[in-house]
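For the numbers below, each heavy atom of this structure counts, side chains included, while hydrogens, waters and symmetry mates do not. When a ligand or atom number is given, it counts from 1 through the structure's own listing order.
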Amino acid sequence: MDTKQPLVLLAGLTPAQFMRQHWQKKPLLVRQAIPGFKAPLSRPELFALAAQEGVESRLVQQTDGVWSLRHGPLPRRALPPLQRPHWTVLVQGVDLHHEAVHALMQQFRFVPDARLDDLMISYASDGGGVGPHFDSYDVFLLQAQGRRRWRIGRQKNLTLRDDMPLKILAQFEPEEEYVLEPGDMLYLPPGWAHDGIAEGGDCMTYSVGFRVPERVNLAQELLVRLADEDEGEQDQLLYQDPKQPAVSHAAEIPTTLHDFARKALDWALQQPQALERALGEYLTEPKANVWFEPGPEGVMLEQVVLDRRTRMMYDAEHIFINGESYRAAGEDAQLMRQLANDRALDGRALAHASDDALELLSSWCDAGWLHAQKP
Ligand code: SIN
Ligand code: CO
């Protein structure tokens, strides 16, 4: 993406300006971010997704100040009548299931894919919403249908009510208020308190959300992968304790074993590229509810496009796709990087591909990660 090109989506800012001035710093309200926007997914289509196994959905209702939460799958009969006020259904990861929604999310790829998470759609009846809360990630809230009143604030007191099944701020102190119409968009950095209430029903909001690696969780993920790295014969090192004295307290762990454990972790971290490989594999691991249907065999690779569920990234030494890593250099690396960035390769790009690269691409087609298209 050209980061210096002003975008209507960002109120005329370039992606470079937006990232410098707003990202993780301050909200941005964009009137008509997508002029004339028409929701690509109808209400029945959204409700059908909410009813599916393997699609994450929630129903939030408010009755007399009491909030209730039900997790999906949500068959249509589980949803209240449309005329009943104060309820909302939220469907996570719609980009994985719907091509036009996936395409919409591509407009936000001025943020690295490693940070982009998913597109959630909420449908709300009149007065519906999830209550005043804050999120730990950045979010773009695009109004897709109907109207929603957003109240936002940068409050310090982030105490949550402990008597509710969802995150509701104990004391919400809004500072600003906006009513969003279809095509309008509000960007909020992490930690900003917000409350969006549907005005008039039939309200749909699209939230583009981001992945926030958390230190302990990331360490766990990486350590599991580092432990899986192949260890050569010559690298095997067994604990030895020829100086271990006899002990009178057998249950006490020897400090020499602490040292050995620390060195074992240092060693794993110091293996060339092991951490980079573990990170790339982790970041491109498909979501838990994603599976791929094998593609047709023996297709001609004249033009290819990544499946919308495929995660593909790269670093200086590797190509990562759906949790697998490949060492790549030279022209093959160039080609695979182009595929990761453009999510497609045309005939001209493929004409220069080496036999090795073509073989790899064709195995990804077989796996359903990549699809061959007629030019
Ligand atoms: C909603 O769409 O109702 C909730 C989105 C959010 O507050 O993050
Ligand atoms: Co939120």
Legend entry - Distance filter under 4.0 Å to Arg148 heavy atoms, resulting ligand 1 atoms: 3 (O)

Inset, instruction - Heavy-atom contacts with His133 under 4.0 Å: which atoms of ligand 1 show up? List them by number with element. - result: 6 (C), 7 (O), 8 (O)

Legend entry - Donor-acceptor contact below 3.5 Å, side chain Gln5 vs main chain Asp2: no

Inset, instruction - Please check if the distance between the ring centroids of Trp87 and Tyr123 is under 6.0 Å. - result: yes

Got the closest protein heavy atom to [atom], with its distance?
{"atom": "atom 8 (O) of ligand 1", "value": "Asp135 OD2, 3.3 Å"}
{"atom": "atom 2 (O) of ligand 1", "value": "Ser122 OG, 2.7 Å"}
{"atom": "atom 4 (C) of ligand 1", "value": "Val130 CG2, 3.9 Å"}

Can we say [X] and [Y] salt-bridge, meaning some charged N sits less than 4.0 Å from an Asp/Glu carboxylate O?
{"X": "Asp346", "Y": "Arg348", "result": "no"}
{"X": "Arg337", "Y": "Asp315", "result": "no"}
{"X": "Glu285", "Y": "Arg311", "result": "no"}
{"X": "Asp113", "Y": "Arg109", "result": "yes"}

Legend entry - Metal site angle (apex the Co ion (ligand 2)), NE2 from His133 and NE2 from His194, 10 degrees: 90°

Inset, instruction - Before signing off on this row, confirm whether Ser207 and ligand 1 have an N or O atom pair separated by under 3.5 Å. - result: no

Legend entry - Short N or O distance, His194 and ligand 1, threshold 3.5 Å exclusive: yes

Inset, instruction - Taking the Co ion (ligand 2) as the reference point, name the nearest N/O/S atom of Asp135. - result: OD2

Legend entry - Given Glu181, Glu199, Glu176, the one that forms salt bridge (charged side-chain N to carboxylate O under 4.0 Å, His left out) with Arg149: Glu199

Inset, instruction - Please determine which of Glu317, Glu281, His318 meets the side-chain hydrogen bond (donor to acceptor under 3.5 Å, both in side chains) test together with Ser325. - result: Glu281

Inset, instruction - Mind checking whether Tyr206 contacts ligand 1 via backbone (N, CA, C, O), side chain (CB onward), both or neither, at a 4.0 Å heavy-atom cut-off? - result: neither

Inset, instruction - Select one of side chain, backbone, both or neither to describe which atoms of Val139 lie under 4.0 Å from any atom of ligand 1, heavy atoms only. - result: neither

Inset, instruction - Give a yes/no on ligand 1: does Trp150 have at least one heavy atom closer than 4.0 angstrom to it? - result: yes

